[in-house]
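Below is one structure, written out as structure tokens; the observations come after it.
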Amino acid sequence: YARHDPKGCLIATENGKIIGSGFIHLRGETASIGPVSVSPEHQSRGVGRTIMEALLEIGSRASSIRLIQDSFNTLSFSLYTKLGFQVYDVVLSLLLREPGDFRPPSLAPEDYPQSEREIRLVEKTDLSGILALDRQVMGYDRAKDFTLLINEGVGLINKLRHSDQIDSYIFCYSYRENNLFIGPGVAFNMDYLFNLLAELIKRNAAAWMRVKIFAGQSDMPRFLLDSGFKIIGIGAFMVKGNYERSAGRQFLAQFPEVL
């Protein structure tokens, strides 16, 4: 976090000891907050509020600030609500523990024969095409994050051959040996996105896969659960300021959070 968003990293200290931390990720008019943590012995003493107020001050020029609140933490839900955040969706965290258990239901045929399409690894020259699709679906600029993912993660795209237009993309990165975070991933067509997911799992058959999605996109959780993924966590997607739902389907980014 310090390397990617150095101006958005805060710590709280007491007698020289770190007792809490918080991070904000600014992307033009949009920002996300997370993670925010306070040591157990210092909770319910106003430390979390102080961190959040400082983060909101850093992001005061953003018209939309998002975060994911863990459902088990009722104290943080109360705090975020008092600070002006509203719930817009439920976030599901899902895990595929054994990639060999991935059993995707039948996908609808794509608009073009497979011979006219290609799924391949992302290259640096794909950045402009990914950004064009992402701005259409998400409505804001994540160039900084994609530059990092292209350099340090693994990405796949789905596109027509002999065309520069990218119809869907998906990224993943390793946070621990044989453990992969999947996301972000974006497409207007859900089947395009799940074709990429199936290819990603096939190429990383030894790894556990974690993904986050909006529960409100009801067809996506059903597909993932039917495919062998298990729910391991539930959270509230909360926003302070403006918010418009994306026009397509997406796997949420897991670094930086929410964006």
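Looking at heavy atoms from C-beta onward, L197 lies out of side-chain contact with L193 at the 4.5 angstrom threshold. Side-chain contact between T147 and R142 is absent, with no heavy atoms from C-beta onward closer than 4.5 Å. Side-chain atoms of F237 and Y243, non-hydrogen and from C-beta on, do get closer than 4.5 Å to each other. Between L92 and F214, the closest side-chain pair of non-hydrogen atoms is not below 4.5 Å. Side-chain contact between L196 and I119 is present, with at least one heavy-atom pair separated by less than 4.5 Å. N189 is not listed as a side-chain neighbour of D167, based on a closest heavy-atom distance of 4.5 Å or more. In this structure the side chain of L160 never reaches within 4.5 angstrom of the side chain of E118, judged on heavy atoms. Looking only at side-chain heavy atoms (C-beta outward), R203 and L121 come within less than 4.5 Å of each other.
Linking ILVMFWY residues whenever their side-chain heavy atoms come closer than 4.5 Å, directly or via other members, leaves Y1 and I18 in distinct clusters. Note: the hydrophobic cluster containing L95 does not contain V211 (ILVMFWY, side chain heavy atoms under 4.5 Å, direct or indirect links). One hydrophobic cluster, built from ILVMFWY side chains closer than 4.5 Å, cannot hold both W208 and L224; they sit in different ones. Side-chain heavy atoms closer than 4.5 Å link hydrophobic residues (I, L, V, M, F, W, Y) into clusters, and following such links, even through other members, never connects I213 to I232. In this structure, L75 is not a member of the same hydrophobic cluster as L56, with clusters built from ILVMFWY side-chain heavy atoms closer than 4.5 Å.
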**OP:** In sequence, state the C-alpha distance, the side-chain angles, and the governing distance for I234 and I231, and then conclude on side chain to side chain contact (heavy atoms under 4.5 Å, CB included).
**Re:** CA-CA 8 Å; I234 298 176; I231 295 174; 4.1 Å; yes
**OP:** With ring pair (Phe, Tyr, Trp, His ring centres under 6.0 Å) as the test, would you mind laying out the steps for F255 and F181 before giving the verdict?
**Re:** CA-CA 9 Å; F255 176 83; F181 278 146; 9.4 Å; no
Original post:
Does the side chain to side chain contact (heavy atoms under 4.5 Å, CB included) test come out yes or no for M190 and D219, once each step is laid out?
Top reply: CA-CA 9 Å; M190 188 187 78; D219 48 356; 3.4 Å; yes
**OP:** Please report the C-alpha distance between L148 and H4 in whole Å, then the side-chain angles of each, then the deciding distance to 0.1 Å, and finally whether the side chain to side chain contact (heavy atoms under 4.5 Å, CB included) criterion is met.
**Re:** CA-CA 8 Å; L148 175 72; H4 195 53; 3.7 Å; yes
**OP:** Under the side chain to side chain contact (heavy atoms under 4.5 Å, CB included) rule, what do I24 and D5 come out as? Steps first, then yes or no, please.
**Re:** CA-CA 8 Å; I24 186 168; D5 287 304; over 6 Å; no
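Closest of all the heavy-atom pairs between F77 and A236 is CE1-CB, 4.4 Å. Of all heavy-atom pairs spanning A12 and V47, the tightest one is CB-CG1, 4.0 Å. Between P221 and Q217, the shortest heavy-atom contact is CD-O, 2.6 Å. What you find for E29 and R61 is that their closest heavy atoms are OE1-O, 3.8 Å. Closest of all the heavy-atom pairs between V91 and K212 is CG1-CB, 4.2 Å. Minimum heavy-atom separation, S246 to V137: CB-O, 3.2 Å.
Results of the side-chain contact (heavy atoms from CB on, under 4.5 Å) test with V36 over L79, L10, L67, L55 single out L55 as the only residue that passes.
Judged by distance alone, with hydrogens and angles left aside, the side-chain atoms of Q254 form a donor-acceptor pair with the main-chain N or O of R210 at under 3.5 Å. Counting only distance, with no hydrogens or angles, the side chain of Q43 and the backbone of V38 share a donor-acceptor pair below 3.5 Å.
Between the side chains of D145 and H25, no donor N or O sits under 3.5 Å from an acceptor N or O. In this model, a donor atom of one side chain and an acceptor atom of the other lie less than 3.5 Å apart for S37 and S21. Donor-acceptor pairing under 3.5 Å is recorded for the side chains of N158 and R117.
One finds no salt bridge joining K17 and E14 here, because no Lys/Arg side-chain nitrogen approaches an Asp/Glu carboxylate oxygen to under 4.0 Å. Look at R27 and D141 and you find no salt bridge, because none of the NZ, NE, NH1 or NH2 atoms lies under 4.0 Å from a carboxylate O.
Applying the ring pair (Phe, Tyr, Trp, His ring centres under 6.0 Å) criterion to Y169, with sequence neighbours excluded, gives F146, F171. Take R3 and apply the salt bridge (charged side-chain N to carboxylate O under 4.0 Å, His left out) test, not counting sequence neighbours, and it matches E152.
More than 12 heavy atoms of other shown residues, nucleotides or ligands fall within 6.0 angstrom of atom CD in E41. More than 12 heavy atoms of other residues, nucleotides or ligands sit less than 6.0 Å from atom CG of N179.
Figure legend: cation-pi geometry between R66 and F85 absent, as NZ or CZ is not positioned both under 6.0 Å from the six-membered ring centre and within 45° of its axis.
Screening residues 85-103 for side chain to side chain donor-acceptor pair (under 3.5 Å), with sequence neighbours left out, gives D89-R245.
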